[in-house]
Amino acid sequence: MSGIRSVTRGIGSYLPEHILTNAALSERIDTSDEWIVQRTGICQRHIAAEGEYTSHLGLVAARRALEDAGMDAQDIDLIILATSTPDQTFPATSATIQAELGITQGAAFDVQAVCSGFVFALTTADAHLRTGAFRRALVIGAETFSRILDWKDRGTCVLFGDGAGAMVLEAIPESEANGAGVLTSHLRTDGRHRHKLYVDGGPSTTGTAGHLRMEGREVFKHAVGMITDVIEDAFAATGESAETIDWFVPHQANRRIIDASAQKLGIAPEKVVVTVDKHGNTSAASIPLALDVAHKDGRLRKGDLVLIEAMGGGFTWGSALLRW
Ligand code: ACO
């Protein structure tokens with residue numbers, strides 16, 4: 001395993017065209033822009049069009065990441081898609097994306113760790129690349145959470161949005177990486193909390209897709225502690241710290257969770273990349289979407305040290321440090 005580094009070669013994202021503002025939502029349900037912004041920092045979210053599926057979102061993000069990397073789809077031999085909203089129960093939505101990209105070599109599979117999905121997928125891709133079994137991976141987070149929301153439940157439907165982000169990772173000899181690549185990652189799950197954030201359906205239970213259910217206060221109570229624990233693990237493993245990182249790109253669930261985590265860790269507010277105001281919580285897509293925003297607006301530069309983290313249903317949580 002040693003001697004190989006997974007380095008970032010490209011990043012891309014896609015948001016569906018339709019924007020649903022808080023004002024538009026408050027015409028449908030008993031809520032207000034003020035309540036949503038104050039509690040979550042969310043102002044708007046994107047919603048997939050009828051007939052626009054998770055694979056469509058992921059495919060566009062993947063194509064944009066390949067373009068950013070200057071690579072052809074045929075350069076890819078591993079696709080890992082993080083999603084909790086697959087097109088179908090099976091085959092994996094990554095298989096659909098693989099076929100649409102015209103790739104027939106290598107492997108494609110989905111991982112399911114809800115909002116932590118991208119950190120889990122990145123860690124899985126990094127582990128596979130470092131075995132030498134694969135050369136170049138597309139790591140995608142793509143979600144259509146609008147399809148599993150109960151639009152009558154104001155406690156949950158205001159929080160989420162649809163979108164996708166993708167990253168191209170390449171395995172290269174560590175001696176050629178100049179310190180770049182995935183430096184460390186840390187994954188955790190504690191299934192005792194599985195009833196606090198879940199979907200009340202599934203193929204083996206109800207035979208339906210179900211709707212998202214959440215004990216919001218319980219999630220909030222655990223989030224900051226879990227997030228900061230796993231980030232401290234990343235700092236301990238690498239000797240890096242809140243001072244040495246250039247960018248903190250957290251899962252975009254809620255502005256209050258992001259701010260409280262950054263504050264507890266001593267991360268300066270200007271290092272925190274925030275997109276939750278415009279995207280809402282796009283679950284596994286939120287981190288690559290935020291990375292792409294910071295890449296496109298010029299904040300994220302080659303050589304920067306980037307800390308990512310997420311926490312979600314399960315509970316699952318995880319962190320990773322990357323040298324861009
Ligand atoms: N608009 C107006 N009022 C609302 C809304 C809404 N959209 N939703 C709930 N309320 C009302 C409730 O009915 C309640 O009214 P009551 O006092 O008359 O009963 C009141 O607001 C307070 O409700 P709470 O649920 O206690 O509100 P809270 O302050 O906890 O905020 C929230 C709710 C925003 C969901 C918060 O708990 C939270 O942010 N939790 C974290 C959840 C999260 O981010 N989940 C994302 C998935 S997990 C992840 O990605 C980490």
Side-chain angles (χ1 to χ4, degrees), residues 20-45 82-85 112-120 141 143-146 148-163 165 187-191 193-200 210-231 248-262 264 274-277 279-290 308-319:
L20 180 61
T21 62
N22 290 349
L25 251 179
S26 59
E27 283 168 20
R28 286 203 217 166
I29 52 166
D30 183 14
T31 189
S32 66
D33 178 54
E34 192 193 2
W35 192 97
I36 301 170
V37 172
Q38 210 173 63
R39 298 289 214 290
T40 71
I42 298 167
C43 303
Q44 60 171 55
R45 67 289 290 144
T83 189
S84 303
T85 46
Q112 214 280 46
V114 205
C115 296
S116 310
F118 187 77
V119 182
F120 277 61
E143 303 278 17
T144 45
F145 258 53
S146 63
I148 55 163
L149 294 175
D150 174 352
W151 286 97
K152 293 191 181 73
D153 176 11
R154 66 178 182 170
T156 55
C157 75
V158 303
L159 303 174
F160 297 90
D162 300 336
L187 305 181
R188 296 289 311 279
T189 300
D190 186 344
H193 298 291
R194 67 194 181 283
H195 302 301
K196 291 172 183 153
L197 176 53
Y198 66 101
V199 167
D200 64 2
H211 291 111
L212 184 146
R213 306 290 172 206
M214 178 179 71
E215 294 175 31
R217 289 208 163 180
E218 279 295 308
V219 176
F220 201 96
K221 204 172 82 188
H222 288 89
V224 177
M226 288 176 164
I227 288 164
T228 51
D229 276 357
V230 84
I231 289 174
F248 177 42
V249 187
H251 165 52
Q252 309 283 320
N254 181 310
R255 184 71 205 234
R256 288 191 299 160
I257 295 176
I258 294 172
D259 290 347
S261 309
K264 192 170 170 198
V274 177
T275 54
V276 70
D277 53 334
H279 301 172
N281 180 348
T282 57
S283 191
S286 89
I287 292 174
L289 266 162
I308 64 172
E309 65 73 16
M311 180 258 182
F315 291 148
T316 54
W317 65 109
S319 68

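Read the numbers this way: they start at 1 and go in the same order the structure lists the ligands and their atoms.
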Against heavy atoms of [X], which atoms of ligand 1 measure under 4.0 Å?
X      : value
His251 : 49 (C), 50 (O)
Val158 : 7 (N)
Met311 : 49 (C), 50 (O), 51 (C)
Phe160 : 46 (C), 47 (C)
Cys115 : 50 (O)
Asn281 : 46 (C), 47 (C), 50 (O)
Ala253 : 44 (O), 49 (C), 50 (O), 51 (C)

| query | Which bit of Val219 is near ligand 1, meaning a heavy atom under 4.0 Å away: side chain, backbone, both or neither? | reply | side chain
| said: Just to be sure I read this right, does ligand 1 sit under 4.0 Å from the backbone of Ile29, its side chain, both, or neither, counting only heavy atoms? | reply: neither
| said: Any salt bridge linking Asp30 with Arg154? Criterion: basic side-chain nitrogen under 4.0 Å from a carboxylate oxygen. | reply: yes
| query | Do any N/O atoms on Arg217 end up under 3.5 angstrom from N/O atoms on ligand 1? | reply | yes
| Test of proximity, Asn254 against ligand 1: N or O pairs below 3.5 Å | yes
| Between Glu143 and Thr282, a side-chain donor and acceptor under 3.5 Å | no
| request: Answer yes or no: is there a side-chain heavy-atom contact under 4.5 Å between His222 and Leu197? | output: no
| task | Decide if atom CZ of Arg256 counts as having more than 12 heavy atoms of other residues, nucleotides or ligands within a radius under 6.0 Å. | result | yes
| query | Can you tell me if Gly155 has a non-hydrogen atom under 4.0 Å from ligand 1? | reply | yes
